[in-house]
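Keep in mind that what you see is a predicted model, and the values were worked out from it rather than measured. Naming: A, B, ... by sequence-line order, numbering from 1 per chain.
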Amino acid sequence: MERILAQAPDFFTPGNVGLLLEAAGLTLAMTVVGCGIGFALAFVLVYLRQTPGLWALPLRLICIAYVEVFRRIPFLVVIYLVLFFIQTVSTDASLFTIAVIAICLYAVAYTADIIRGGIESVPQTQVEAARAMNLGRLQTMIHVVLPQAWPVIVPPAIAFAVSFIKDTALVSQIGVFELTFRGKELNNQGFSGILVFGTIAMCYFILSFPLSLLGQYLENRLATPRGQRRARKLRRA
Amino acid sequence: MPHLAVSGVHANYGALEVLHGISFDVDRGGIVSLVGPSGSGKSTVLRTLVGLTRATRGTVEIDGDVIDYRSARAIRAARDRMAIVFQQYNLFQNMTVLRNCTLAPVKIKRRPRSEVEAEARDLLALVGLADKADAYPDELSGGQQQRVAIARALALRPDILLLDEVTSALDPELVGEVLDTIRRLSDEGMTMLLVSHEMGFVREVSNAVVFMDAGRVVETGSPAQIFDAPRSDRARDFFGKVLRH
């Protein structure tokens with residue numbers, strides 16, 4: 001304890017704090033970009049997976065296989081796979097890019113199931129009513145199904161992204177200068193492990209707690225039909 | 001030439017054949033009612049006409065044009081000319097009443113929004129709901145929702161309106177308002193095919209009644225003939241039960 005107190009002034013120098021802030025920014029950026037793109041691609045995957053007809057059977061199987069495989073691989077393994085795969089293709093891809101791609105691949109698999117659950121929660125009769133008036137599959141999805149599926153999709157999707165902030169710590173393994181990597185570095189410089197990782201832990205908390213609050217806000221505001229309605233009325237006014 | 005001619009239509013749910021060769025005609029401006037016990041395939045006939053259930057055999061003609069339900073384009077053409085109103089209304093819960101009525105005309109028929117909205121408001125007035133244009137479906141009673149569903153179907157400007165047990169999900173006191181709407185449409189010369197258990201109403205508005213049982217047409221005739229002097233034992237038995245009270 002005395003050692004921690006003694007080291008604190010040397011540890012919390014503007015330089016180190018700057019490094020930590022930068023690392024926190026990187027952690028946040030990886031999560032937001034990776035999960036954001038992953039979420040968008042997951043919609044595409046779910047849509048392709050529902051393509052009707054015999055000719056689309058291989059397509060459907062690929063989509064199902066993708067989700068099932070990636071959900072059963074540890075994230076760390078995905079990171080290494082992406083790292084080594086990308087390095088065979090291109091030598092100048094940044095580690096940040098590699099990390100984002102890994103997060104993205106992983107997020108697609110997880111959020112695809114969340115989105116599929118949301119879509120399946122909309123009664124089939126809504127789809128039939130739309131199809132009977134000649135709305136196409138995509139139009140039915142955009143105008144009728146997704147607006148009603150949001151309440152079911154948004155809360156778990158945000159919960160996934162928030163919890164994923166922690167899991168990004170694993171990309172420190174390939175040397176991305178995110179929070180955990182900086183922690184190890186500072187620890188190696190001789191600072192107390194408790195001091196360093198205590199601070200890193202606080203950083204993760206500070207990153208994810210406001211996002212959880214944002215999630216709750218969105219859940220209340222956007223996700224319930226009445227909330228959406230209120231939002232629309234406010235916009236109109 | 002009949003406006004709608006259905007002949008020898010078969011349809012399956014999965015491997016199970018539920019329609020075994022259905023035939024009947026509907027004249028332009030006429031009202032034909034499908035009646036019969038539950039599970040006889042009445043609703044399936046309507047679903048097949050709009051391509052929600054796939055016809056495996058038989059032909060459907062509208063004004064002499066044969067619709068080949070194996071082709072997606074033909075199904076689109078069929079849906080262009082026939083609009084269906086469902087038992088459970090199936091209004092889009094995420095849209096206002098007005099947008100329910102304008103969605104397909106604007107997005108699919110690519111008509112100008114202002115024109116479509118004006119027409120939709122007229123249709124809502126026709127079904128007595130002019131003041132509900134900006135309400136959401138869950139703010140309306142069942143009878144009101146069903147009248148919106150009828151307005152939404154009419155907004156598609158169909159040649160033929162298909163009504164699938166449109167009153168059976170409604171409280172008895174709400175049935176009248178929907179039947180009044182249908183009466184008004186019949187006065188305006190809309191061709192309609194309806195599935196109904198409201199025998200008094202069927203008798204009053206129909207030009208012809210088709211009695212179905214177990215996926216087949218048992219007999220077809222004028223309301224008076226079908227209700228008062230059915231030729232088949234099955235129809236006599238059925239009407240004996242439903243008309244007694």
Q: Taking atom CZ of B:Arg57 as the centre, report whether more than 12 heavy atoms of other residues, nucleotides or ligands fall under 6.0 Å from it.
A: no

Q: Under a 4.5 Å cutoff for heavy-atom pairs, which residue among A:Val122, A:Val144, A:Asn134 has the most contacts with chain B?
A: A:Asn134

Q: Considering heavy atoms only, which positions within residues 149-171 of chain B lie below 4.5 Å of chain A?
A: B:Arg152, B:Leu156

Q: Could you measure the distance from the CZ atom of B:Phe92 to the OG1 atom of A:Thr140? Nearest 0.5 Å is fine.
A: 7.5 Å

Q: Dump the intermediate steps for side-chain contact (heavy atoms from CB on, under 4.5 Å) on B:Leu103 and A:Leu135, then the final yes or no.
A: CA-CA 9 Å; B:Leu103 179 70; A:Leu135 264 72; 3.6 Å; yes

Q: Going by side chain to side chain donor-acceptor pair (under 3.5 Å), name the residues that satisfy it together with B:Glu177, two or more places apart in sequence or in a different chain.
A: B:Arg147

Q: Around atom CZ of A:Phe209, are there more than 12 heavy atoms of other residues, nucleotides or ligands at under 6.0 Å?
A: no

Q: So how far is it from A:Thr125 OG1 to B:Leu52 CG, rounded to the nearest 0.5 Å?
A: 11.0 Å

Q: Please classify the contact of B:Ala104 with chain A as side chain, backbone, both or neither, using a heavy-atom distance under 4.5 Å.
A: both

Q: Counting N and O atoms only, with roles assigned by atom type, does the side chain of B:Asn90 sit under 3.5 Å from a partner on the main chain of A:Ala129, one being a donor and the other an acceptor?
A: no

Q: Which heavy-atom pair separates A:Met133 from B:Ile108 by the least distance, and what is that distance?
A: O-CG1, 4.0 Å

Q: Which atoms of B:Phe86 are under 4.5 Å from chain A, going by heavy atoms: the side chain, the backbone, both sets, or neither?
A: side chain

Q: Quick check for you: to the nearest 0.5 Å, what is the distance between B:Met95 atom CE and A:His143 atom NE2?
A: 7.5 Å

Q: Heavy-atom cut-off 4.5 Å, strictly under: side chain, backbone, both or neither for A:Gln126 against chain B?
A: both

